[in-house]
Student: 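So that we are looking at the same thing, I have put the structure below in structure tokens.
By convention in this document, chain letters (A, B, ...) are assigned in the order of the sequence lines, proteins followed by strands, and residues within each chain are numbered from 1.
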Amino acid sequence: MKVRRFKDSLATTFIRASLVFVNAIAFVIAITLFMKTRPILAKTTLSHLLSSTSWHPLRGDFGFFPFIIGTLEVTAIAMILSIPVCLLSAIYLSEYAHGRFRGFVRLVVDILAGIPSVIYGLCGVIAIVPLVRILGQALGSPTTGYSLLAGGIILAIMVSPVITSVALEVFRTIPRAARENSLALGITTWEMVKHVILRSSLHGIIAAIVLGFARAFGETMAVLMVVGNVPKVPLSLFDPAYPLPALIANNYGEMMSIPLYDSALMFAALILMVVVGGFSLGAHLILLKIERRGYV
Amino acid sequence: MRSRRLEEQIFKGLMIASLTLVLVVLAGIIFITIYKGAPALTLSMLTETPKGGYYLGKEGGIANAIVGSLYLGLGASFCALLLSVPVAFGLQKEYTGWRFASFTKLVLDVLWGIPSIVYGAFGFVVMAYFGLRASLLGGIIVLTLLMLPIMVRSMEEVIRTIPLELKEVSYALGTTRIETTMAVVLRQALPGMVTAVLLAFGRGIGDAASILFTAGYTDYIPRSLFDPVASLPLAVFFQIGTPIPEVQERAYASALILLLIVFVVSIVSRILSHRFSKHIVR
């Protein structure tokens with residue numbers, strides 16, 4: 001008996017220690033990035049870093065504004081393109097499609113969510129970039145195709161599995177009785193969706209969108225390959241942009257040779273971590289609430 | 001009434017159009033990769049490492065990247081498995097209070113969402129601090145961090161579905177916590193845990209941003225943990241960036257190989273979980 005007790009307490013200690021360890025990892029990452037950004041924050045102010053448009057690392061001049069705008073605009077285009085399409089698809093799957101078809105599409109979407117981002121990037125280079133070039137010429141703004149719009153389209157494709165599957169999960173948590181009650185009043189399915197489904201799953205829809213946003217905001221490789229990477233504030237959809245993740249990925253090589261450059265890049269990583277972490281924390285809190293209450 | 005019917009028809013049409021669009025675009029991604037990659041895929045691509053002048057379009061293959069990716073993926077999956085099993089078990093209420101468990105789950109969810117480039121930057125800083133150069137070891141460590149939340153969260157989802165009665169029966173026999181965990185919980189959750197590992201492996205092997213700084217790139221197959229290592233996602237990325245058409249062809253072939261690995265892993269995991277789950281008490 002003593003041996004069994006001892007084994008149990010040993011195992012329990014180990015398990016609890018590993019739990020603490022996992023939490024510690026998160027804090028170590030956050031603290032490390034924060035410590036690394038201190039040199040640059042000591043030299044300039046936060047507001048200058050965020051609002052200056054001048055990017056000259058050799059002169060010690062780090063203005064993140066073009067990169068932040070680039071990230072926000074690429075993400076915004078992706079969200080505008082993908083949200084309506086994904087929500088309509090999720091509604092169809094949840095309310096109109098047969099269970100079997102729904103299961104099939106869910107499987108396909110799950111598999112597609114696992115496609116590596118370089119492959120999306122590659123397809124972007126092969127298909128989207130020439131398409132954007134033709135579109136740009138047709139609209140009278142000549143472009144190489146490597147542009148804000150191309151990045152946005154690729155991101156929209158990449159986040160669509162995420163938004164669709166989370167929204168579908170949320171719609172399925174709504175009890176069948178809620179649907180039947182309103183259908184029994186003789187309304188059409190779309191009216192039921194409009195008045196019952198969308199209204200009662202509003203929080204969940206927001207969570208799905210936020211998770212998609214978080215994914216898009218930090219996506220590196222696919223965007224990097226199609227977005228053009230010119231550190232200027234883009235003035236039109238067909239101008240190249242330079243999002244934050246691409247900035248980090250492209251410049252790690254010179255990071256150690258220019259003073260403060262590593263600190264500046266870590267500042268970019270910290271922005272990504274704080275924004276994405278904050279948004280996904282919010283989304284998961286909403287989803288947790290939905291899970292606990294059944295539906296909101 | 002007619003306008004209501006019309007509204008219904010319009011929206012139903014829009015929904016079908018949207019769903020078709022999503023599926024067609026995603027199928028298009030696969031189609032393009034296969035269409036472009038298949039002609040460029042030859043046996044020597046799979047079996048040879050790059051020779052002199054490879055990046056100018058001469059002889060050689062990407063065996064270095066294939067083997068490198070497998071080393072990275074398998075090594076990181078193994079490390080992440082060792083770490084995530086105790087964590088996933090520890091999230092049960094026998095081991096941890098409800099508050100700490102849900103806090104940990106939330107932390108893991110947030111970690112899951114953190115962009116892989118941030119893991120890469122973090123790994124680079126830590127490695128620079130310890131004086132490590134880009135190496136297989138560095139790549140494995142960063143990928144382990146990336147896989148950990150995926151594995152733990154998916155394992156925990158499975159462990160949570162085990163009926164409480166089953167555990168209670170075991171405890172009623174006078175077992176200790178770890179005995180019940182190993183005899184009942186582990187056996188019940190095993191299929192789900194296998195799926196979790198394969199899911200994380202698929203994510204890890206396809207990730208480029210995190211290993212860009214930490215694993216490096218080389219034309220050789222690494223001989224030790226401290227050698228730099230090539231990987232398929234980076235092979236795609238570097239080769240598409242060159243202006244030479246023959247090398248770009250090889251990027252397509254590399255992408256196809258990567259896609260095939262990810263798909264095989266994903267499909268195998270689904271088949272396994274389906275087959276194993278026959279012997280589970282629900």
Side-chain angles (χ1 to χ4, degrees), chain A residues 4-5 7-8 11-12 14-16 18-19 22-23 25-26 29 32-33 36 85-86 88-89 91-93 96 108 111-112 114-120 122-123 125-127 157 160 164 188-191 214 218-221 225 245 248-249 252 256 265-266 269 272-273 276-277 280-281 284, chain B residues 4-5 7-8 11-12 14-16 18-19 21-23 25-26 29 32-33 36 83 86-87 89-90 95-96 104 106-111 113-118 121-122 124-126 145 148 152 176-178 202-203 206-209 212-213 233 236-237 240 251 255 258-259 262-263 266:
Chain A
R4 290 174 57 203
R5 275 270 169 76
K7 268 190 196 159
D8 185 55
T12 307
F14 177 66
I15 282 173
R16 284 181 182 154
S18 66
L19 272 177
V22 166
N23 284 300
I25 288 177
I29 293 178
T32 309
L33 291 182
K36 278 303 245 181
V85 173
C86 292
L88 285 170
S89 311
I91 293 171
Y92 182 81
L93 288 173
Y96 291 85
V108 171
I111 292 179
L112 291 170
I115 294 183
S117 57
V118 274
I119 290 182
Y120 283 102
L122 189 75
C123 293
V125 172
I126 295 171
I157 298 171
S160 64
T164 309
T188 62
T189 314
W190 168 249
E191 283 166 331
E219 177 47 47
T220 312
M221 295 319 262
M225 289 163 84
I248 306 175
Y252 77 101
M256 287 305 170
L265 292 185
M266 288 308 136
L272 285 178
M273 177 159 176
V276 173
S280 60
L281 182 67
H284 284 295
Chain B
R4 288 172 58 198
R5 277 268 168 76
E7 194 185 334
E8 166 86 16
F11 273 97
K12 196 171 175 188
L14 277 178
M15 285 175 205
I16 293 176
S18 308
L19 185 63
L21 180 67
V22 170
L23 292 178
V25 166
L26 292 171
I29 299 278
I32 290 176
T33 313
K36 285 281 194 176
L83 204 57
V87 177
F89 283 153
Y95 297 99
T96 327
T104 309
L106 208 57
V107 167
L108 286 165
D109 281 337
V110 173
L111 279 181
I114 298 284
S116 59
I117 187 84
V118 174
F122 168 74
F124 186 75
V125 168
V126 171
L145 292 180
L148 188 66
V152 176
T176 62
R177 285 175 289 198
I178 189 67
R203 280 293 154 77
D207 197 80
L212 187 60
F213 321 142
V236 176
F237 179 60
I240 194 71
L258 181 60
L259 191 69
V262 170
F263 274 0
S266 174

Student: To the nearest 0.5 Å, how far apart are CD1 in B:I178 and NZ in A:K7?
Tutor: 10.0 Å
Student: Quick one: what part of B:R177 sits under 4.5 Å from any heavy atom of chain A, side chain, backbone, both or neither?
Tutor: both
Student: With only heavy atoms counted, which part of B:L212 is less than 4.5 Å from chain A, the side chain, the backbone, both or neither?
Tutor: both
Student: Please report the shortest heavy-atom distance between A:I15 and B:P86, naming the atom on each side.
Tutor: CG2-O, 3.5 Å
Student: Would you mind checking which part of B:V110 comes under 4.5 Å of any heavy atom in chain A, side chain (CB onward), backbone (N, CA, C, O), both or neither?
Tutor: both
Student: Taking side chain as everything from C-beta outward and backbone as N, CA, C, O, which of these in A:M221 sits under 4.5 Å from a heavy atom of chain B? Side chain, backbone, both or neither.
Tutor: side chain
Student: Any idea which of B:L145, B:V118, B:D207 has the most non-hydrogen atom pairs under 4.5 angstrom with chain A?
Tutor: B:V118
Student: To the nearest 0.5 Å, what is the distance between OH on A:Y96 and CG on B:L19?
Tutor: 13.0 Å
Student: Tell me, please, which residues at least two apart from B:F11 pass ring pair (Phe, Tyr, Trp, His ring centres under 6.0 Å).
Tutor: A:W190
Student: Given heavy-atom pairs under 4.5 angstrom as the criterion, report whether the side chain, backbone, both or neither of B:V25 touches chain A.
Tutor: side chain
Student: Select one option (side chain, backbone, both, neither) describing which atoms of B:I240 are under 4.5 Å from chain A's heavy atoms.
Tutor: side chain
Student: What part of B:L26 lies closer than 4.5 angstrom to a heavy atom of chain A: side chain, backbone, both or neither?
Tutor: both
Student: Which atoms of A:R16 are under 4.5 Å from chain B, going by heavy atoms: the side chain, the backbone, both sets, or neither?
Tutor: side chain
Student: Among A:I115, A:I119, A:I126, find the residue that satisfies the side chain to side chain contact (heavy atoms under 4.5 Å, CB included) test when tested with B:T33.
Tutor: A:I119
Student: Which bit of B:T104 comes within less than 4.5 Å of chain A, counting heavy atoms only: side chain, backbone, both or neither?
Tutor: both
Student: Counting only heavy atoms closer than 4.5 Å, note whether B:L21 contacts chain A via side chain, backbone, both or neither.
Tutor: side chain
